[in-house]
Each structure stands twice: as structure tokens, then as C-alpha cells.
Amino acid sequence: QVQLVESGGGLVQPGGSLRISCVASGSLLSINSMGWYRQAPGKQRELAAVITSGGSANYADFVKGRFTISRDGAKNTVYLQMNSLKPEDTAVYYCNAVGTRFTGWGGRSDFDIWGQGTQVTVSS
């Protein structure tokens, strides 16, 4: 199977920075895109940023100019550099990956998976 492991979340002061990471592992053949979504208490999950295997990135309006998504294809890893953090950025950040995996009998199939989430808290 393919799984995602996130790291780097924590507590940060307003105006500070955090860099969170997500590593995809398992019997994957390729990844088409990886992204970060966030969900605050009482609110629905929303897209923060996504990046394709070709390096094309898209951002939600609320993070433009502050967050940067990047990837390391060789390591199957996506990063989210978060600068100028605000209290309203407090949320659980979830990693998502879409791609193609190997099956148990040597076949191939698509996958769309999520990580467990990492907590980001912005507070003084």
C-alpha cells in the first residue's frame, strides 16, 4: 500500500514560520500531485496548496504570498513553507497524494490517499 507520513507541525508565534513535510512511501509507481489541506475546528476542510509532478503549483487565496509549496520528486516528499503565520492559520494540516501504485500481482492502479494530519497552532 501507499501511505503518507506528515511531520513538522507545532506551536508558533504569530508572524513566525513553520515548515511541514509529507513523505509518500510504499509500492507507488508515480505521483501526479501532492497537496496540503487544512481543517480548523468547526470548519470544513479546505485546500491550501497543491503541486503537480511537473512542478506547477496552485494556492488558495488565503495563503498566497505567505506559503510556498515545493516537492522533492526523488524522495516523494512535499513541503509547505509557512511564513507570516496568523492565528487563523491554526488548523490540522492534511497531506494528500494522487498517483499510480503497483498492485500485489504486478498490476497498476490509481490511488488518492490522505495523511493523518499534523497540528499547526499559531498563538502568542
Side-chain angles (χ1 to χ4, degrees):
Q1 64 175 7
V2 180
Q3 63 180 12
L4 304 176
V5 178
E6 299 139 317
S7 62
L11 175 66
V12 65
Q13 299 266 18
S17 298
L18 275 178
R19 179 183 167 104
I20 55 177
S21 304
C22 174
V23 181
S25 62
S27 300
L28 62 89
L29 175 63
S30 62
I31 297 175
N32 292 336
S33 67
M34 297 184 75
W36 290 98
Y37 296 71
R38 72 184 190 185
Q39 187 167 22
K43 295 189 175 182
Q44 57 189 6
R45 190 173 299 185
E46 60 185 350
L47 172 70
V50 294
I51 188 167
T52 69
S53 61
S56 179
N58 287 282
Y59 299 92
D61 288 341
F62 60 83
V63 305
K64 282 186 176 179
R66 299 188 298 125
F67 293 5
T68 302
I69 189 169
S70 62
R71 64 182 292 273
D72 185 334
K75 297 181 179 180
N76 294 320
T77 300
V78 65
Y79 307 93
L80 188 65
Q81 178 67 48
M82 301 181 288
N83 300 323
S84 302
L85 283 162
K86 307 172 182 178
E88 52 263 43
D89 293 321
T90 297
V92 177
Y93 285 72
Y94 296 92
C95 181
N96 169 254
V98 177
T100 303
R101 67 176 179 87
F102 293 107
T103 65
W105 51 87
R108 300 172 181 179
S109 65
D110 296 333
F111 67 83
D112 185 345
I113 60 172
W114 296 85
Q116 79 288 345
T118 185
Q119 177 70 49
V120 173
T121 302
V122 184
S123 176
S124 60

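Being a predicted model, the structure only gives us computed values, none of them experimental.
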Trainee: Applying side chain to side chain donor-acceptor pair (under 3.5 Å), can you list everything that pairs with Thr121, at least two apart in sequence or on another chain?
Mentor: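 Applying side chain to side chain donor-acceptor pair (under 3.5 Å) to Thr121 gives Gln119.
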Trainee: What donor-acceptor contacts under 3.5 angstrom involve side-chain atoms of residues 108-116, with partners at least two apart or in another chain?
Mentor:
| unit_1 | atom_1 | unit_2 | atom_2 | d |
| --- | --- | --- | --- | --- |
| Ser109 | OG | Arg101 | NE | 3.4 |
| Ser109 | OG | Arg101 | NH2 | 3.4 |
| Asp110 | OD1 | Thr100 | OG1 | 3.4 |
| Asp112 | OD1 | Asn96 | ND2 | 2.8 |
| Gln116 | NE2 | Glu6 | OE1 | 3.2 |

Trainee: Mind checking what makes side chain to side chain contact (heavy atoms under 4.5 Å, CB included) contact with Gln13, not counting sequence neighbours?
Mentor: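 Only Ser124 meet the side chain to side chain contact (heavy atoms under 4.5 Å, CB included) criterion with Gln13.
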Trainee: May I have all residue pairs that pass salt bridge (charged side-chain N to carboxylate O under 4.0 Å, His left out) and include part of residues 53-64, sequence neighbours excluded?
Mentor: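 Applying salt bridge (charged side-chain N to carboxylate O under 4.0 Å, His left out) to every pair that reaches into residues 53-64, excluding sequence neighbours, yields Asp61-Lys64.
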Trainee: Test: salt bridge (charged side-chain N to carboxylate O under 4.0 Å, His left out). Region: residues 25-51. Which pairs qualify, not counting sequence neighbours?
Mentor: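 Output for this query lists Arg38-Glu46, Arg38-Asp89.
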Trainee: Apart from Val5 itself, what residues make up its hydrophobic cluster, given side-chain heavy atom links below 4.5 Å?
Mentor: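 None; Val5 is a cluster of one.
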Trainee: If two hydrophobic side chains count as joined below 4.5 Å and joins carry through other members, does Leu4 share a cluster with Tyr37?
Mentor: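 Result: no, two separate clusters.
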Trainee: So, does Thr118 use its side chain to make a donor-acceptor pair with the main chain of Tyr93 at under 3.5 Å?
Mentor: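 Here the side-chain-to-backbone pair does not exist.
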Trainee: Once side chain to side chain contact (heavy atoms under 4.5 Å, CB included) is applied, do any residues pair with Arg71, and if so which ones, sequence neighbours excluded?
Mentor: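 Checked Arg71 against side chain to side chain contact (heavy atoms under 4.5 Å, CB included); matches are Ile51, Ser53.
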Trainee: Can you confirm whether Val78 sits close enough to Cys95 that some side-chain heavy atom of one is under 4.5 Å from a side-chain heavy atom of the other?
Mentor: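 Yes; the side chains approach each other to less than 4.5 Å.
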Trainee: Please tell me whether Val122 and Phe62 are part of a single hydrophobic cluster in this structure, the criterion being side-chain heavy atoms less than 4.5 Å apart.
Mentor: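 In one cluster: yes.
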Trainee: Which residue pairs satisfy the disulfide (SG to SG under 2.5 Å) criterion with at least one member in residues 41-94, sequence neighbours excluded?
Mentor: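 Passing the test, one end in residues 41-94: no pairs.
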Trainee: So which residues get pulled into Trp105's cluster when ILVMFWY side chains under 4.5 Å apart are joined, directly or through others?
Mentor: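 None; Trp105 is a cluster of one.
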Trainee: For residues 24-78, pull every pair meeting disulfide (SG to SG under 2.5 Å), keeping only residues two or more places apart or in separate chains.
Mentor: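 Not a single pair qualifies under disulfide (SG to SG under 2.5 Å).
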Trainee: List the atom pairs, with distances to 0.1 Å, where a side-chain N or O of residues 14-32 and a protein N or O form a donor-acceptor pair under 3.5 Å, not counting sequence neighbours.
Mentor:
| unit_1 | atom_1 | unit_2 | atom_2 | d |
| --- | --- | --- | --- | --- |
| Ser17 | OG | Asn83 | OD1 | 2.9 |

Trainee: Are Met34 and Val120 joined in one hydrophobic group, where the rule is that I, L, V, M, F, W and Y side chains link up if heavy atoms are under 4.5 Å apart?
Mentor: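 Yes, Met34 connects to Val120 through the hydrophobic network.
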Trainee: Could you work out, with side chain to side chain contact (heavy atoms under 4.5 Å, CB included) as the rule, every residue matching Ala49, not counting sequence neighbours?
Mentor: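 Applying side chain to side chain contact (heavy atoms under 4.5 Å, CB included) to Ala49 gives Tyr59, Ile69, Leu80.
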Trainee: So, taking the atom named CG in Asp72 and the one named OH in Tyr79, what distance separates them when rounded to the nearest 0.5 Å?
Mentor: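 Going from CG on Asp72 over to OH on Tyr79, the span is 5.0 Å.
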Trainee: Verify the cluster assignment for Val63 and Tyr94: are they in a single hydrophobic cluster under the rule of side-chain heavy atoms below 4.5 Å apart?
Mentor: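 Val63 and Tyr94: separate clusters.
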